[in-house]
> 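Shown below is the structure under consideration.
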2 protein chains.
Amino acid sequence: MKTGDLLIKQGDTIKDFIYLKEGLVKLYRKSEQGQTQIISFGKPYDFVSLLSVFSDEKYNYSVSALEDSVACLFDLNEIKALIKSNGEFALHLIQTQNRASDRIIMNSLDLLQKRLYGRVANVLLYFSDEVYKSDEFELPISRKEMAQFIGMSIENVIRAISAFRKDKIIQVYGKDLSILDKKRLKQMNDFS
Amino acid sequence: MKTGDLLIKQGDTIKDFIYLKEGLVKLYRKSEQGQTQIISFGKPYDFVSLLSVFSDEKYNYSVSALEDSVACLFDLNEIKALIKSNGEFALHLIQTQNRASDRIIMNSLDLLQKRLYGRVANVLLYFSDEVYKSDEFELPISRKEMAQFIGMSIENVIRAISAFRKDKIIQVYGKDLSILDKKRLKQMNDFS
DNA sequence: AACTACTTATGATAATTATCAGAGAGTGAT
DNA sequence: ATCACTCTCTGATAATTATCATAAGTAGTT
């Protein structure tokens, strides 16, 4: 699956249980007000079809690739049969699902309490610590996508990144981003 | 369990699987920044020990009663044994859990995109439509708690409610609240 | 009643964010 | 190369929200 490809389309009937083997994807939805909103990102070994996969008939979100990715699809009915027949598997699945949705919930609650700088810092630290495990990486999302994720305007996301750049907290060359002063970035994340 | 009583305390070891039979509770946590934040509300037939119950050792949130409530506790190990032995039960539990965490996720994402008036309208409509199923009810939370839920300052929550009152969208006598103009309240909820 | 503590309420001001406008850089298509 | 389009970026201004201050109301306690 190439960058930009659509893996799941909002409204599609759920037929498969999907997990990500390689790459990076974004989960997003069209909100009631018609705006596109990014729900979360999926990295290797994350279950992409987490939300609503067992609770609904149709996907209420879309998934597309931010990088070239490899996804594994399992027939949903087979997974359901496996849950019924294999108790260990069922329990393990519940735990995995719980962990993932907890993380999404806690993260969006975190964002709700933060202001612009804190939210942007939060996203940068997420990619640095959780996804790439490095202080230098290629930012996989545009300013617009970051805005759609943190619930701020594009202009202000750009301004925040510019401010971090001017304060020598980060360095930006095109898509390449390096975190120069992680301590201060974490402070931005902690204090509002 | 009386109003104000603590059912779950953040940091407690998870021993039980809890569901709410009667009443109303709030799920809340102390965020990293030390502020109290309400995660969601639990109404009858909701699983209160939804978050982190299978994914963690300890509760990462607290639960207390907003109204006199009745909770059912099941030993967590027995539930786990039941999951392992009864496939139908496991599948049903997964679906229920999924539905509940989906709702919390989608709701906090909704809030993230709304502004003050939209967020307050959202909460009022939640209690009217989901909890009490009536346009007249006793508001079970204080302005402070509403602020902790929607991520705005107390003063502005009060101001929003005052504005709704002045616009004859709602009527307030002490804790009693009645929605006079649901159409406009829904408009406030829809458009930012 | 008097006291304390807390909630609700309002105003004034500062801080933050959105919106509008415009410009330059990059990208893809023809 | 030119055109159309999107993305990044900055400035100016308007709108929104937070914070500080203050006061009235409410409830509980002594």
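If you're wondering where the values come from, they're calculated on a predicted model, not measured in any experiment. Sequence lines set the chain letters: A, B, ... in the order given, protein chains first and strands last, and positions in each chain run from 1.
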> Write down the distance between OH (A:Tyr173) and P (D:dT8), rounded to a whole number of angstrom.
18 Å
> Classify every nucleotide of nucleotides 24-30 of chain C by which part a protein heavy atom approaches to under 4.0 Å, writing B for the base, S for the sugar-phosphate alone and - for neither, in 5'-to-3' order.
-------
> Any side-chain donor-acceptor pair under 3.5 Å between B:Asp68 and B:Thr3?
yes
> Rounding to a whole Å, what distance do you find between B:Leu139:CG and C:dT8:C1'?
13 Å
> Any chance NZ of A:Lys43 has more than 12 other-residue heavy atoms, nucleotides or ligands included, within less than 6.0 Å?
yes
> Check whether more than 12 heavy atoms from other residues, nucleotides or ligands sit under 6.0 Å from atom CD of B:Gln187, and answer yes or no.
yes
> Using atom CE of A:Met146 as one end and atom C1' of D:dC7 as the other, report the distance to the nearest whole Å.
13 Å
> In whole Å, what is the span from the NZ atom of A:Lys144 to the C1' atom of C:dT19?
16 Å
> Please say whether more than 12 non-hydrogen atoms of neighbouring residues, nucleotides or ligands are located less than 6.0 Å from CD in A:Gln35.
yes
> Whole angstrom is fine here: how far is it from CD1 in A:Ile158 over to P in D:dT10?
9 Å
> Return a single string for nucleotides 11-24 of chain D, one symbol per nucleotide in 5' to 3' order, where B is base contact, S is sugar-phosphate-only contact and - is none, cutoff 4.0 angstrom on heavy atoms.
BB---SSBBB----
> Please verify the inter-ring angle class for A:Tyr19 with A:Phe74; under 30° counts as parallel, over 60° as perpendicular, anything in between as tilted.
parallel
> Please state how far atom CD1 in B:Ile154 lies from atom P in C:dT8, giving the value in whole angstrom units.
8 Å
> Can A:Asp12 and A:Lys58 be counted as an ion pair, charged N to O under 4.0 angstrom?
no
> Looking only at atom types and distance, does a side-chain atom of B:Arg184 sit under 3.5 Å from a main-chain N or O of B:Asp167, one as donor and one as acceptor?
yes
> From C-beta outward on B:Arg165, which listed nucleotide comes closest to its side chain: C:dT10, C:dT8, D:dT8?
C:dT10
> Should the heavy atoms of other residues, nucleotides or ligands under 6.0 Å from NZ of B:Lys182 be counted, would the total exceed 12?
yes
> Tell me if a side-chain donor or acceptor on A:Lys114 pairs with a main-chain N or O of A:Asn189 at a distance below 3.5 Å.
yes
> Does a side-chain N or O from B:Ser162 land closer than 4.0 Å to OP1 or OP2 of C:dT10, or not?
yes
